[in-house]
Amino acid sequence: MNAARLFAPLAILVALPLAPAGAQDMARGQALAERWCANCHVVNAAAGTGQSNGLPTFPAIAARPDMNAAILKGAMSATHSRMPDFELGARDQDDLAAYILSLRKR
Ligand code: HEC
């Protein structure tokens, strides 16, 4: 039995879940925001998109000086009175928070 042939598939199995984990993915966060959040919030910086229903836009949320990823993730996981509970996974929350904070003007 050739050891390399035995271990190569194992190495792939181990490497696969490790590769995408951890790093926050703003593009993925944007896609999630457009899919799940845009019904109620203005989710991008371009003018003229989204609703004028009085809800905070994502650029406005990002612009608050005290805003950070932990607060955002808290807002996403809490069951709000008027905001549905999306049961977002940890990675979804990380990516969404990374995207929302990327809207902050520097
Ligand atoms: C069905 C409408 C709706 C959708 C969809 C929605 N939200 Fe909200 N969101 C609200 C409302 C309403 C509030 C105001 C707080 C409240 O009354 O619960 C809010 C508040 C927030 C806040 C807190 C803002 C603040 O003032 O501190 C954050 C952050 C937020 N939403 C993020 C998101 C994200 C991320 C998504 C997509 C995963 C999302 N929302 C999707 C309705 C919605």
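One-based numbering, in listed order, for ligands and for the atoms of each.
Side chain of Arg104 to main chain of Ala63: no donor-acceptor pair is present (N/O by atom type, distance under 3.5 Å, no hydrogens or angles).
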CA sep, side-chain torsions, deciding dist, call: Asp94, Tyr99, side chain to side chain contact (heavy atoms under 4.5 Å, CB included): CA-CA 9 Å; Asp94 280 340; Tyr99 168 65; over 6 Å; no
Verdict with supporting geometry, Met67 and Leu101, side chain to side chain contact (heavy atoms under 4.5 Å, CB included): CA-CA 8 Å; Met67 192 48 69; Leu101 292 175; 4.1 Å; yes
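Interatomic distance, CZ of Arg91 versus CG of Asp25, reported as 6.0 Å (0.5 Å rounding).
Which of Glu34, Arg35, Arg64, His41 comes nearest to atom 25 (C) of ligand 1 through a heavy atom is settled by distance: it is Arg64. By heavy-atom distance, the residue among Phe58, Tyr99, Trp36 lying nearest atom 5 (C) of ligand 1 is Trp36.
No part of Gln93 comes within 4.0 Å of ligand 1, judged by heavy-atom distances. Of the heavy atoms in Ala75, only side-chain atoms (C-beta onward) come closer than 4.0 Å to ligand 1.
Shown here for Asp66 and Ile71, the closest heavy-atom pair between the two residues is O-CD1, 3.2 Å.
Coordination check, Cys40 versus atom 8 (Fe) of ligand 1: failed, since every N/O/S atom of the residue sits at 2.8 Å or beyond.
Residue contact check: Leu72 has heavy atoms under 4.0 Å from atoms 29 (C) of ligand 1. Here is the list of ligand 1 atoms found below 4.0 Å of a heavy atom in Pro56: 24 (C), 26 (O). Interface of Leu55 with ligand 1, defined as ligand atoms under 4.0 Å from a residue heavy atom, comprises 10 (C), 11 (C), 12 (C), 13 (C), 42 (C).
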Could you give the side-chain donor-acceptor pairs of residues 26-37 under 3.5 Å, partners two or more places apart or in another chain?
residue	atom	partner	partner atom	Å
Arg28	NH1	Asp92	OD1	3.2
Arg28	NH1	Asp95	OD2	2.6
Arg28	NH2	Asp92	OD1	2.8
Gln30	NE2	Glu34	OE2	3.2

